[in-house]
Amino acid sequence: MGRLGKLSVGGRTARTPALLPVINPHLQIITPAEMRSMGVEALITNAYIFHQSEQFRSEVRERGLHDLLGFDGVIMTDSGSFQLSVYGDISITNTETLAYQKAIGSDIWVPLDIPTSPSADRETAGRELAITMERLREARSVFGPDAPVAAPVQGGIHTDLRKQAAEEIAGMGFSFCPIGAVVPLMESYRYRDLLSVVMAAKTAIPSSSCVHLFGAGHPAMFAFAVALGCDIFDSAAYALYAKEGRYLTPHGSYRLSELSDLPCSCSVCRSHTPDKIRSSGGKERLLALHNLSVTLAEISRIRQAITDGTLWELVDERCRGHPQLLAAYRDMLLHTMDMEPHDRCSKRRFFYRGDESCQRTEVIRYHGQVSRFRCGKNVAVAIGCRIEEGFDSILSFKPPFGPYPPELCETFPIGQNEIPPWDETMMRQGCAGIRTLAEKHPESRIVVRCRALWYPFVRGELPDLEVVPDET
Ligand code: GUN
Ligand code: ZN
């Protein structure tokens with residue numbers, strides 16, 4: 001479900017998937033202009049901080065955000081809902097924050113939604129969601145249908161509420177949909193809950209809408225979230241981690257104090273040793289520069305993987321970086337039936353990376369294709385052996401896909417996959433492909449001839465078919 005896109009708003013455009021660095025006007029550890037030179041096309045800042053700031057409140061009204069921050073890309077503003085969820089109360093209303101975000105020239109405005117805690121019961125979550133939805137209706141009626149208002153999808157961990165929220169939001173015509181209140185899930189590694197919340201929202205968000213995973217800033221989970229159809233991330237992590245002396249990598253994070261080497265190719269890491277960073281007066285800024293570099297590089301890597309059709313491989317690799325991500329990845333593979341229609345039909349390649357690969361969309365889709373094969377009365381499937389003649393149709397076999405006619409041997413995925421020596425998981429899946437073929441052709445006689453090594457296993461997988469060992 002990962003896709004390349006363009007987010008256009010206010011005459012400005014950013015490519016997606018995109019990372020929006022979070023800017024705190026009071027602590028510009030890396031300036032927006034520097035970020036621009038690092039390839040940042042959009043950023044996010046907090047309107048509530050500007051609003052409460054003696055220093056900036058009126059200056060930003062006069063100059064506008066783009067001029068004040070020195071950034072000509074897309075600028076999104078958050079409303080202060082996050083402060084609301086932390087402090088319980090803030091001194092601004094929904095229409096006030098929206099009017100303020102408009103007045104300071106923000107490109108994307110966020111209403112005062114309520115980020116429901118994951119611990120909230122269904123009734124509380126429903127009550128809070130009703131307030132968020134009311135504020136979205138208010139935004140529409142006060143600012144009109146063309147106002148660039150983001151519509152956060154809330155609902156806590158209750159998937160029916162998330163789906164209902166997304167349906168109503170789509171019905172109101174909003175096209176920028178942050179999935180909200182997921183920070184506490186990510187902070188406690190509850191990636192399986194994150195998966196169910198995102199999947200529930202995605203089922204009802206039109207594919208033309210831009211999906212923002214609110215507050216997701218750790219690069220280790222971007223590939224996973226993009227594969228679920230998230231387009232936008234925002235990162236304060238690059239700065240928050242730097243403040244705590246932590247060093248981000250796409251596989252996880254380290255304390256600077258535990259590093260003896262810097263496993264990264266960014267300019268900071270190539271020109272410093274860990275000791276040099278530790279003893280530098282600019283330690284926090286150096287770490288932030290590195291953290292932002294790796295975060296942006298991961299987004300580029302994901303975009304390239306989408307171009308190549310190798311996002312599954314990247315997701316597989318990243319999700320092995322943390323056991324809870326692996327658990328969520330395995331859950332995700334239970335949904336590949338729903339994901340398959342969104343996947344593309346041709347890719348650069350399919351690399352087999354272990355058992356999990358057997359559930360990928362390409363395999364599910366291939367089994368759908370098998371059921372459409374035409375074959376004659378006498379059909380042979382050759383598993384690890386050759387059959388020259390004596391049948392109307394002769395199919396070869398490639399696990400985890402299954403049987404294939406010679407015509408498909410140069411098309412994706414049969415012609416563009418790399419698999420290691422056969423294992424039982426891929427053979428089981430390949431045999432399922434043969435069963436599909438048999439079910440669709442009850443009129444045909446299907447003979448499976450199998451290399452001796454795999455004969456007992458295949459025999460067991462295909463109890464209703466004629467399976468013979470290859471004697472040649
Ligand atoms: N930042 C992180 N999560 C949220 C959310 O749910 N709503 C808003 N407005 N900002 C956020
Ligand atoms: Zn680096």
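All residue numbers refer to positions in the sequence shown, counting from 1. Ligands are counted one by one from 1 in listed order, and the atoms in each one are counted from 1 as well.
Of the protein's non-hydrogen atoms, the one nearest atom 3 (N) of ligand 1 is F214 CB, 3.7 Å. The single protein non-hydrogen atom nearest to atom 6 (O) of ligand 1 is A181 N, 2.8 Å, given as residue, atom name and distance. Scanning all protein heavy atoms for the shortest distance to atom 10 (N) of ligand 1 gives D78 OD2, 2.6 Å.
Taking the ring centroids of H290 and Y238, they lie at or beyond the 6.0 Å cut-off. For Y48 and F82, the ring centers are positioned 6.0 Å apart or more. Ring pair F143/W109: centre-to-centre distance below 6.0 Å.
Because its NZ or CZ atom is not both nearer than 6.0 Å to the ring centre of Y247 and within 45° of the ring axis, R255 does not count as a cation-pi partner of that residue. A cation-pi arrangement is not found for R318 relative to F222, the charged atom failing to lie both closer than 6.0 Å to the ring centre and inside a 45° cone about the ring normal.
At least one side-chain heavy atom of C264 sits less than 4.5 Å from a side-chain heavy atom of V294. Here the side chains of S106 and M76 are not in contact, with every heavy-atom distance at 4.5 Å or above.
Within the listing of ligand 1, atoms 6 (O) sit less than 4.0 angstrom from a heavy atom of G180. For ligand 1, the atoms lying closer than 4.0 Å to a non-hydrogen atom of V110 are 9 (N). Ligand-side atoms of ligand 1 in range of S81: 8 (C), 9 (N), range being under 4.0 angstrom from any heavy atom.
For the Zn ion (ligand 2), the neighbouring protein N/O/S atoms at less than 2.8 Å, given as residue and atom, are C264 SG, C266 SG, C269 SG, H290 ND1.
The closest heavy-atom contact to atom 9 (N) of ligand 1, among the options L213, D113, T116, comes from D113.
Using a 4.0 Å heavy-atom cutoff, P152 is absent from the residues neighbouring ligand 1.
Applying the side-chain hydrogen bond (donor to acceptor under 3.5 Å, both in side chains) criterion to R320, with sequence neighbours excluded, gives D316, E356. Listed by chain and residue number, nothing satisfies the side-chain hydrogen bond (donor to acceptor under 3.5 Å, both in side chains) test with Y100 (two or more places apart in sequence, or in another chain).
The proximity of V182 to ligand 1, defined as any non-hydrogen pair under 4.0 Å, does not occur for either the backbone or the side chain.
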Atom pairs and distances, donor-acceptor, side-chain atoms in residues 163-174, under 3.5 Å, two or more places apart:
residue, atom, partner, partner atom, Å
Q164, NE2, E168, OE2, 3.3

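A 6.0 Å sphere centred on CZ of R192 holds no more than 12 heavy atoms belonging to other residues, nucleotides or ligands.
Of the N or O atoms in G215, none lie within a sub-3.5 Å distance of an N or O in ligand 1.
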